[in-house]
2 protein chains.
Amino acid sequence: METKNMMEFKEEELMACCGSRIFAEEMEKACPFPSLEEAIVAARDIWFNKVNVNGWLQAFSVHPQIGHSPPSSSLSTFAQWSKGEQSTALSTATSSSLQELSEWNARYEEKFGFVFLICASGRSTEEILAELKIRYPNRPIVEFEIAAGEQMKITELRLAKLFSTKTKASSTGDQ
Amino acid sequence: METKNMMEFKEEELMACCGSRIFAEEMEKACPFPSLEEAIVAARDIWFNKVNVNGWLQAFSVHPQIGHSPPSSSLSTFAQWSKGEQSTALSTATSSSLQELSEWNARYEEKFGFVFLICASGRSTEEILAELKIRYPNRPIVEFEIAAGEQMKITELRLAKLFSTKTKASSTGDQ
């Protein structure tokens with residue numbers, strides 16, 4: 001058995017992928033993973049079947065408002081990844097589109113009680129704003145499930161980054 | 001227009017029907033109602049379309065565990081109604097069935113993060129326990145919606161009581 005390919009994660013690394021404590025604890029227990037694909041299968045099972053609605057809200061609560069880059073003083077992995085995922089949005093933003101996004105974010109949060117969540121990777125500010133306006137009329141429970149689906153997409157991208165970072169570190173260590 | 005038949009409710013009376021502050025505020029704004037049926041239509045719209053997931057959790061949080069009668073020192077309308085709705089369950093309970101219900105309640109709350117909610121009116125302890133065991137394997141988001149549906153049934157029964165109480169008071173006043 002090729003044990004060197006088995007991937008272990010620490011709870012704090014997993015918290016940078018998804019801010020639910022239960023998610024991170026259950027994922028750590030489910031380690032090690034032979035591949036990214038198996039880690040994602042485990043993550044989906046935990047997120048959708050084991051993390052309850054309080055855990056979902058906890059994970060949502062650690063995200064910055066979309067279009068609001070975390071402060072540069074914030075050096076956490078979570079903040080860095082969040083900034084990276086929003087790089088297309090931030091590079092395509094004008095001050096008026098950012099202003100409009102900020103206003104719609106506030107309306108959204110007022111209605112739903114949590115921040116507008118979208119897997120922003122590769123999306124422009126205009127696309128994100130259009131999606132926010134489409135989702136805004138949804139019933140709260142419908143939007144809650146959509147947001148959980150977006151959180152899962154973000155988690156998958158971040159697990160891939162974690163895998164890639166650790167694989168590189170490991171192969172460098174082998175040389 | 002028969003204004004004497006229009007029913008007005010105060011926010012605190014509505015909080016005894018459903019413990020979500022937003023629900024009570026929105027219902028008070030929607031007053032007066034010409035009939036119980038119209039009050040229920042408004043209540044459903046507010047509960048399912050306007051109260052967000054935090055409001056649902058707030059409403060769930062004020063319920064006692066099923067099978068746990070509120071303390072007799074608790075004289076709130078909410079506590080009295082809760083006790084009345086559980087009268088069949090409490091009269092059919094044995095100490096072992098109450099013990100089992102208490103254990104399953106704890107397991108349920110541990111998994112889902114809120115108390116097991118069921119419109120208990122007319123149901124025996126055995127029926128409630130059977131329903132709890134059926135619902136326990138559900139995914140958290142599925143159970144969250146079922147609980148919201150049960151809360152709505154409870155709210156409808158309590159709105160009917162509120163209507164009936166006020167109608168009696170009003171007709172007595174007319175004599």
Side-chain angles (χ1 to χ4, degrees), chain A residues 18-27 29 41-63 104-117 132 134-153 155, chain B residues 18-27 29 41-63 104-117 132 134-153 155:
Chain A
C18 172
S20 151
R21 181 63 62 184
I22 298 286
F23 172 85
E25 284 172 4
E26 292 292 322
M27 277 294 282
K29 278 190 224 162
V41 167
R44 284 183 186 158
D45 177 49
I46 292 166
W47 179 246
F48 290 114
N49 299 321
K50 294 182 182 163
V51 176
N52 68 28
V53 295
N54 296 314
W56 281 10
L57 288 170
Q58 185 184 33
F60 297 173
S61 72
V62 295
H63 286 274
W104 274 91
N105 267 323
R107 287 184 65 182
Y108 181 97
E109 200 163 348
E110 166 79 16
K111 174 174 179 183
F112 295 107
F114 49 82
V115 76
F116 176 68
L117 261 193
L132 201 170
I134 288 167
R135 283 168 49 183
Y136 181 79
N138 283 338
R139 287 174 50 215
I141 187 66
V142 170
E143 192 52 29
F144 192 47
E145 281 208 75
I146 292 174
E150 293 298 312
Q151 171 64 65
M152 191 65 234
K153 289 183 204 165
T155 304
Chain B
C18 172
S20 151
R21 181 62 62 185
I22 298 287
F23 172 85
E25 285 172 1
E26 292 291 323
M27 276 294 280
K29 278 190 224 162
V41 167
R44 286 184 185 156
D45 176 50
I46 291 167
W47 178 247
F48 290 114
N49 298 320
K50 294 183 182 163
V51 176
N52 69 28
V53 296
N54 296 313
W56 282 9
L57 289 169
Q58 183 184 33
F60 298 173
S61 72
V62 295
H63 285 274
W104 274 91
N105 266 324
R107 288 184 64 183
Y108 180 97
E109 201 164 346
E110 167 77 18
K111 175 174 178 184
F112 296 107
F114 50 83
V115 75
F116 176 68
L117 261 193
L132 201 169
I134 288 168
R135 282 167 49 182
Y136 182 78
N138 283 338
R139 286 174 52 214
I141 186 66
V142 170
E143 192 52 29
F144 191 48
E145 280 207 77
I146 293 174
E150 293 298 311
Q151 170 65 65
M152 191 66 233
K153 290 183 205 165
T155 304

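Source: prediction; values computed, not measured. Just so we're on the same page: letters track the sequence lines, and every chain starts at 1.
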For A:Val53 and B:Trp56: C-alpha separation, side-chain torsions, deciding distance, then whether side-chain contact (heavy atoms from CB on, under 4.5 Å) applies. CA-CA 11 Å; A:Val53 295; B:Trp56 282 9; over 6 Å; no
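- The minimum heavy-atom distance between A:Asn54 and B:Phe112, with the atom names listed, is ND2-O, 4.2 Å.
- Considering only heavy-atom pairs separated by less than 4.5 Å from chain A, the leading option among B:Gly113, B:Pro140, B:Ala148, B:Gly55 is B:Pro140.
- For a residue to count as touching a neighbouring chain, one of its non-hydrogen atoms must lie under 4.5 Å from one of that chain's; by this rule A:Leu57 touches chain B with the side chain only.
- The CG atom of B:Asn138 sits 11.0 Å away from the CG atom of A:Asn49 when rounded to the nearest 0.5 Å.
- Residue A:Glu110 comes nearest to B:Asn52 through the heavy atom pair O-ND2, 4.4 Å, listed as atom of the first residue, atom of the second, then distance.
- Looking at A:Val142, there are no atoms closer than 4.5 Å to chain B (heavy atoms on both sides), in backbone or side chain.
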